[in-house]
Amino acid sequence: MTQLSVEDLTIDIEGKRLVDQVLFDVQPGEFIGLVGPNGSGKSSLLRAIYRVLKPDAGRVVHLGDDVWKLSARDAARRTAVVAQERMGEFDFSVRELVQMGRTPHKRLLDGDSPADHAIVERCLAEVGMSHCATRSFLTLSGGEKQRVLVARALAQQALFLVLDEPTNHLDIRHQLELLALIRRLKTTTLAALHDLSLAARYCDRLLLIHAGRLLASGAPADVLTAERIRQAYGVQATISHSAGRLRIEFDLAG
Amino acid sequence: MTTFAPNAPATWREQLRHLPLLIVASLLGAILILSLTLAVTIGPVDLSMLTVWQIALAKLTGTSGDWTPAQENIVVLLRSPRVLLAAVVGGGLAAVGVAMQAVVRNPLADPYVLGISSGASVGAVLVLGTGALGFLGIYAVSAGAFAGAVASFTVVFLVATAGGQLSPLRLVLAGMACGYSLSGLTSLIVLTSENRELARTAMEWLLGSLGGAAWSDLGLPAAVLLVGTLWLTLNGRALNALLAGDETARTLGVDVGRLRVTLFIVLSLLTGVMVAVSGAIGFVGLVIPHVVRMLVGTDHRRVLPVSVLVGAIFLVWVDVVARMAFAPIELPVGVITALLGGPFFVWMLASQRLKTRGSA
């Protein structure tokens with residue numbers, strides 16, 4: 001039983017092929033890391049999966065339905081997203097922003113119920129931002145903002161979490177905490193990640209893409225070989241295993 | 001980091017932000033009623049608040065009392081419709097300002113700044129000047145203003161988004177250019193009109209005036225204000241999400257395309273109907289939402305109803321100033337809002353780093 005299938009997904013923009021016949025499945029409860037160099041098509045692929053960028057060919061099937069045929073509301077109850085979009089300069093409080101996550105569960109006349117408030121407070125606590133609930137979002141640091149956006153996605157209580165570079169702007173401690181949190185949640189997750197060592201350590205499986213194509217997928221140790229890293233990133237990698245962890249060191253290719 | 005709220009909010013402000021909407025609204029409602037009453041008492045002939053209410057109640061219940069027919073005429077025919085119209089138009093323009101700022105994700109948006117009011121003026125005077133849309137009866141002017149508002153909103157939006165990105169600078173410039181051209185067009189239509197009455201009111205259309213308001217002017221704007229504000233407030237969650245970004249709104253389950261189109265229509269209708277009765281009154285939609293956000297936060301479910309009330313109170317008093325400041329000369333109310341709003345706009349402009357890219 002597969003939760004999400006990406007079937008031969010292809011995206012062209014202005015004549016350029018950003019994603020080329022990408023094909024993979026996600027099983028329930030998996031934490032999948034999407035890795036690849038800048039411009040390899042990670043964000044485009046994710047945006048097609050969370051229904052913002054319409055693919056030119058192929059399908060994204062979530063729990064048996066083509067996501068592009070769902071209503072916006074139904075799709076948002078299945079999939080929550082932490083994207084890289086910057087906020088404008090309107091001044092929401094942290095709590096108001098997390099409350100937005102309840103939007104897809106609300107009809108026109110629904111107010112915020114005690115259950116909604118409880119969910120919002122719990123999600124704030126999960127990311128360690130309870131103490132900032134009444135603060136203005138705009139006054140937070142980059143890392144704090146990121147954690148609030150994760151809390152908003154959690155408040156959506158979706159079955160599937162998509163994260164685009166969620167550890168950007170985070171210091172190492174918060175990177176580790178965030179990835180540990182995702183592991184702990186056991187929600188099916190697809191996350192584009194920059195740091196290969198962290199991806200290898202926290203993800204069940206990795207997808208390596210390069211120039212819009214899926215180069216490899218599987219267990220981190222199988223995907224991250226010196227040969228493939230050289231192919232995708234154009235760097236020399238030295239890989240070692242110690243205490244069950246993958247260590248990767250990089251050098252510029254000679 | 002640019003903010004449109006103070007960095008360290010004072011405690012009373014923090015508390016105000018968390019005050020239940022019902023309490024804030026009741027308080028403002030009471031202030032509005034008091035303002036309406038006071039505004040009716042103020043004028044060349046002094047009246048007491050008590051007399052005003054006695055006359056109003058007598059009119060409603062069909063009884064009579066010990067006041068002169070002249071006093072009754074002043075209250076019923078002269079001042080009340082004008083004061084009530086000020087409240088309706090003020091509330092309407094404030095609501096449009098709030099929602100328009102969410103649509104374009106920019107606190108500098110306002111129907112006047114973006115040239116939408118000017119578009120509505122063109123539509124209105126075109127109908128008055130040519131007698132077009134005659135089959136719509138007393139709604140013809142409003143219909144013309146609505147059409148003008150839709151057309152100018154569309155043009156400004158398309159010009160500002162050319163190249164895919166909605167930049168604040170382009171938006172303001174497109175709005176200003178559109179507004180100037182359309183004001184010129186309004187002048188042209190009005191000044192060359194065969195309709196002498198229309199030519200006489202040229203200034204009122206261009207500057208915005210509540211002079212000569214009659215009870216028959218009130219019905220449609222009041223109804224549109226009520227329904228429009230209700231619809232906008234019910235969609236407050238979606239507006240919040242829209243403010244956070246198009247992509248975010250979509251991932252939160254908002255059908256952004258459909259919401260935008262509906263908002264275009266609702267906002268054009270509100271602007272058109274308000275402009276049809278009062279001309280292009282500027283800056284109310286800019287100043288009021290900004291002040292209200294500073295007081296009650298950014299959640300549209302609070303900002304919208306509160307803005308309507310504050311906008312109503314604001315325009316009632318501004319119109320009192322317009323009537324009394326240079327008595328017996330009455331200024332068009334738009335002169336005062338422009339004098340207040342212009343510097344306010346400049347101040348906002350100065351405190352916002354105008355980025356040429358991104359949604360600011």
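Below, read A as the first sequence line, B as the second, and so on, with proteins coming before strands; counting in each chain starts at 1.
- A/R51 CZ to B/T251 OG1: the interatomic distance, rounded to the nearest 0.5 Å, is 10.5 Å.
- Of all the heavy atoms in A/G101 and B/L252, the pair that sits closest is CA-CD2, 4.0 Å.
- Annotation for B/L158: atom CG counts as buried by contact number, over 12 foreign heavy atoms lying within 6.0 Å.
- Looking at A/R47, the atoms closer than 4.5 Å to chain B (heavy atoms on both sides) all sit in the side chain, from C-beta outward.
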Inset, instruction - Could you please spell out the steps behind the side chain to side chain contact (heavy atoms under 4.5 Å, CB included) verdict for B/R250 and A/Y50? - result: CA-CA 9 Å; B/R250 283 199 222 182; A/Y50 64 73; over 6 Å; no
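- Residue-level contacts of residues 181-192 of chain A with chain B do not occur; threshold 4.5 Å between heavy atoms.
- Residues A/K106 and B/R237 meet the side-chain proximity criterion, which asks for heavy atoms closer than 4.5 Å.
- For A/R205, the salt bridge (Lys or Arg N to Asp or Glu O under 4.0 Å) partners at least two apart in sequence or on another chain are A/E30.
- Looking only at heavy-atom pairs under 4.5 Å with chain B, the residue among A/V82, A/D112, A/V81 that has the most is A/D112.
- At a 4.5 Å heavy-atom cutoff, the contact between B/R301 and chain A is made by side-chain atoms alone.
- Annotation for A/A83 and B/E247: closest pair CB-OE2, 4.0 Å, computed over non-hydrogen atoms.
- A donor-acceptor pair under 3.5 Å is absent between the side-chain atoms of A/E96 and the main chain of B/N240, judged by distance alone.
- At a 4.5 Å heavy-atom cutoff, the contact between A/T79 and chain B is made by backbone atoms alone.
- If you take CZ on A/F92 and CG on B/D299, they are separated by 7.0 Å, rounding to the nearest 0.5 Å.
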Inset, instruction - Would you check, one step at a time, whether the test side chain to side chain contact (heavy atoms under 4.5 Å, CB included) holds for A/R73 with B/D255? - result: CA-CA 8 Å; A/R73 200 174 123 86; B/D255 188 339; over 6 Å; no
